[in-house]
Amino acid sequence: MSITPTTGIRSTRARIALVPLLSLGLLGGSVAFAGPAQAHDDRRDDRHGCTVKPLDPEDLHGKWVDFGIKVKCDDKDGKKDGKRTVHIRQLRYEDEKGPRRTDDFLGRSHFIEEFKKDDNKARILHSVDKVRNLDRRGTEEVYHVVSFRVQKGNGEWSDWSKWEMSEVVEVKARR
């Protein structure tokens with residue numbers, strides 16, 4: 001005959017042993033999560049001293065909407081790195097609600113903007129597009145997303161930025 005502990009004793013012992021193990025696991029997990037917080041954040045929208053921001057869509061006359069983009073390159077640190085070339089990708093959408101969340105694609109654009117060494121003024125790029133369903137429903141909600149990369153004077157390109165979205169704006173049909 002063998003002597004084996006009952007399951008009640010085993011589960012109690014297991015529970016007692018589990019408490020310090022979980023405590024160490026939680027402590028180790030928090031240390032692991034604290035590490036990357038100090039790392040360099042590559043999600044910023046400043047690439048080689050340039051920023052690109054999608055402006056809120058502006059309702060123009062009739063079915064037309066201006067999906068503006070603000071672009072600026074400057075030398076914050078005082079270095080004069082020479083010219084910069086900014087390549088911008090833009091996607092424009094009509095916001096659709098409902099169970100099938102599929103926004104209507106309006107169009108895409110690519111922009112190439114060059115900034116000279118001392119050219120640090122912000123530029124507004126205009127991208128006008130037609131909102132197709134505006135005449136049937138009376139109002140539509142639209143937005144756009146932009147992503148960009150920058151080439152320095154030495155030919156080095158930055159990585160593409162993450163897509164940044166404008167506010168969703170309601171436009172109305174004008175009669």
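Computed from heavy atoms alone, side chains included, the values below leave out hydrogens, waters and symmetry copies.
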Item to check | side-chain contact (heavy atoms from CB on, under 4.5 Å) against Lys116, all qualifying residues, sequence neighbours excluded | outcome: Asp119
Item to check | Test log, rule salt bridge (Lys or Arg N to Asp or Glu O under 4.0 Å), inputs Arg84 and Glu114 | outcome: CA-CA 6 Å; Arg84 292 184 179 95; Glu114 290 193 5; over 6 Å; no
Checklist entry - Any idea which heavy atoms bring Ser127 and Asp66 closest together, and the distance? => result N-OD1, 3.2 Å
Item to check | Whether over 12 other heavy atoms sit under 6.0 Å from Arg108 CZ | outcome: no
Next on the checklist: Under 3.5 Å, is there a donor on one side chain and an acceptor on the other for Arg89 and Ser147?
Outcome noted: yes
Checklist entry - Shortest non-hydrogen contact from Val86 to Cys50? => result CG2-SG, 3.9 Å
Next on the checklist: Tell me whether the rings of Tyr93 and Tyr143 are parallel (<30°), tilted (30 to 60°) or perpendicular (>60°).
Outcome noted: parallel
Item to check | Over 12 foreign heavy atoms within 6.0 Å of CD, Glu170 | outcome: yes
Next on the checklist: How close do Asp103 and Glu96 get, counting heavy atoms only, and between which atoms?
Outcome noted: OD1-N, 3.0 Å
Checklist entry - So, for Asp129 and Leu106, which heavy atoms are closest and what is the spacing to 0.1 Å? => result OD2-O, 3.3 Å
Next on the checklist: If the threshold is 4.0 Å, N to carboxylate O, is there a salt bridge linking Arg123 and Glu113?
Outcome noted: yes
Checklist entry - Pick from Glu167, Arg92, Gln90: which one makes a side chain to side chain donor-acceptor pair (under 3.5 Å) with His144? => result Gln90
Next on the checklist: Could you see if Ile69 belongs to whatever hydrophobic cluster contains Leu55? Use Ile, Leu, Val, Met, Phe, Trp, Tyr and a side-chain cutoff under 4.5 Å.
Outcome noted: no
